[in-house]
Asks: 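Got a structure for you, written out below as structure tokens; questions coming shortly.
What you see is a predicted model; the values in this text were computed from it and never measured.
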Amino acid sequence: DQQVKQNSPSLSVQEGRISILNCDYTNSMFDYFLWYKKYPAEGPTFLISISSIKDKNEDGRFTVFLNKSAKHLSLHIVPSQPGDSAVYFCAASAGNNRKLIWGLGTSLAVNP
Amino acid sequence: DARVTQTPRDKVTEMGQEVTMRCQPILGHNTVFWYRQTMMQGLELLAYFRNRAPLDDSGMPKDRFSAEMPDATLATLKIQPSEPRDSAVYFCASAPSRGALETQYFGPGTRLLVL
């Protein structure tokens, strides 16, 4: 039973446009959410995070939005660049042990 | 440029053989994680250590998997005996003592194929 769901396995976007990656979760105890990016043959790298006390966090071209009532978060990349082509993982944590629960990832292709 | 290193990068072995994967966390990081990535399950946490002590290994099959940290610069994950269903990419990650525990630095992974 996936507690963190990324329902779109892949997404294709034109360079310069906005990329929107979505993530849904089922556990209302999650209080911290993160996005990681992964290139082939490399480990995931941390991209951006958001605490449940916020509804938006921005870092350069990357913005994460959190809708707690809908148990939904999204990552916006504006403008998208070919170097953004990677697999993006959504992850969440809760409780004292702070274990990360991961989605299955969305493969983003940004076309020149 | 501090990074997590993992060896070997690729491993092909036969069913029943012992497999040992090694990880060197970033110097000064006191928390180390072992993950397994498969197509069907995504990233699963197998075990993690803080200050070399195991905190949680509930994700690890106990009968064949073991994880240790002999010292602060080395973490190991062993599978004995290995089975074809263990084929996956195994990632090690480390995190500093300060900041969010969830901000983890991953190694490049060990790609394991058990025939």
Asks: Is there a path of hydrophobic side-chain contacts, each under 4.5 Å between heavy atoms, that joins Phe30(A) and Ile50(A)?
Replies: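 Yes: a chain of side-chain contacts under 4.5 Å links Phe30(A) to Ile50(A).
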Asks: Between chain B and each of Phe89(A), Phe46(A), Tyr36(A), count heavy-atom pairs under 4.5 Å; write down the option with the most.
Replies: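 Highest number of pairs under 4.5 Å: Tyr36(A).
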Asks: Decide if atom NZ of Lys68(A) counts as having more than 12 heavy atoms of other residues, nucleotides or ligands within a radius under 6.0 Å.
Replies: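 Enclosed: over 12 neighbouring heavy atoms sit under 6.0 Å from NZ of Lys68(A).
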Asks: Shared ILVMFWY cluster between Leu113(B) and Phe65(B), side chains joined below 4.5 angstrom?
Replies: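 Different clusters.
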Asks: Less than 4.5 Å to any heavy atom of chain A: does that hold for the side chain of Leu43(B), its backbone, both, or neither?
Replies: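 Leu43(B) touches chain A through backbone and side-chain heavy atoms alike.
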Asks: Would one find more than 12 heavy atoms of other residues, nucleotides or ligands at under 6.0 Å from atom CZ of Arg17(A)?
Replies: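 Not more than 12 within 6.0 Å, no.
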Asks: Is the backbone N or O of Lys99(A) less than 3.5 Å from a side-chain atom of Tyr48(B), with the two atoms forming a donor-acceptor pair by type?
Replies: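 No; zero donor-acceptor contacts below 3.5 Å.
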Asks: How close do Thr103(B) and Leu34(A) get, heavy atom to heavy atom, and via which atoms?
Replies: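 Of all heavy-atom pairs spanning Thr103(B) and Leu34(A), the closest is N-CD2, 4.3 Å.
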Asks: What part of Phe91(B) gets within 4.5 angstrom of chain A, counting heavy atoms only: side chain, backbone, both, or neither?
Replies: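 Only the side chain of Phe91(B) comes within 4.5 Å of chain A.
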Asks: Identify whether Val87(A) and Leu73(A) are in the same connected component of the hydrophobic contact network (ILVMFWY, side-chain heavy atoms under 4.5 Å).
Replies: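 Different hydrophobic clusters.
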Asks: For Tyr39(A), is it the side chain, the backbone, both or neither that has a heavy atom under 4.5 Å from a heavy atom of chain B?
Replies: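 Neither part.
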Asks: Atom OH of residue position Tyr105(B) - does it have more than 12 heavy atoms of other residues, nucleotides or ligands inside 6.0 Å?
Replies: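 Incorrect, the count does not exceed 12.
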Asks: Membership question, hydrophobic clusters at under 4.5 Å side-chain separation (ILVMFWY): are Leu21(A) and Leu47(A) in the same one?
Replies: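 Yes; tracing contacts between hydrophobic side chains, which count when under 4.5 Å, links both residues.
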Asks: Are side-chain heavy atoms of Pro44(A) and Gln37(B) found at a separation under 4.5 Å?
Replies: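 No, every pair of side-chain atoms sits at 4.5 Å or beyond.
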Asks: Between CD of Gln104(B) and OG1 of Thr45(A), what distance do you get to the nearest 0.5 Å?
Replies: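 Spacing of CD (Gln104(B)) from OG1 (Thr45(A)) equals 12.5 Å.
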Asks: Please assess Phe33(B) against Leu100(A) for the test side chain to side chain contact (heavy atoms under 4.5 Å, CB included), listing each intermediate value before the final yes or no.
Replies: CA-CA 10 Å; Phe33(B) 305 82; Leu100(A) 279 178; over 6 Å; no
Asks: Check each atom of Arg111(B) against the heavy atoms of chain A and say whether the ones under 4.5 Å are side chain, backbone, both or neither.
Replies: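 For Arg111(B), no heavy atom lies under 4.5 Å from chain A.
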Asks: Determine whether the aromatic ring centres of Phe106(B) and Trp102(A) lie less than 6.0 Å apart.
Replies: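 When the ring centroids of Phe106(B) and Trp102(A) are compared, they turn out to be within the sub-6.0 Å range.
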Asks: Let me know if Ser58(B) has heavy atoms under 4.5 Å from chain A in its side chain, its backbone, both or neither.
Replies: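 Side chain only.
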Asks: Would the number of heavy atoms belonging to other residues, nucleotides or ligands and lying under 6.0 Å from CG of Leu27(B) be above 12?
Replies: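 Not buried by this count: 12 neighbours or fewer within 6.0 Å.
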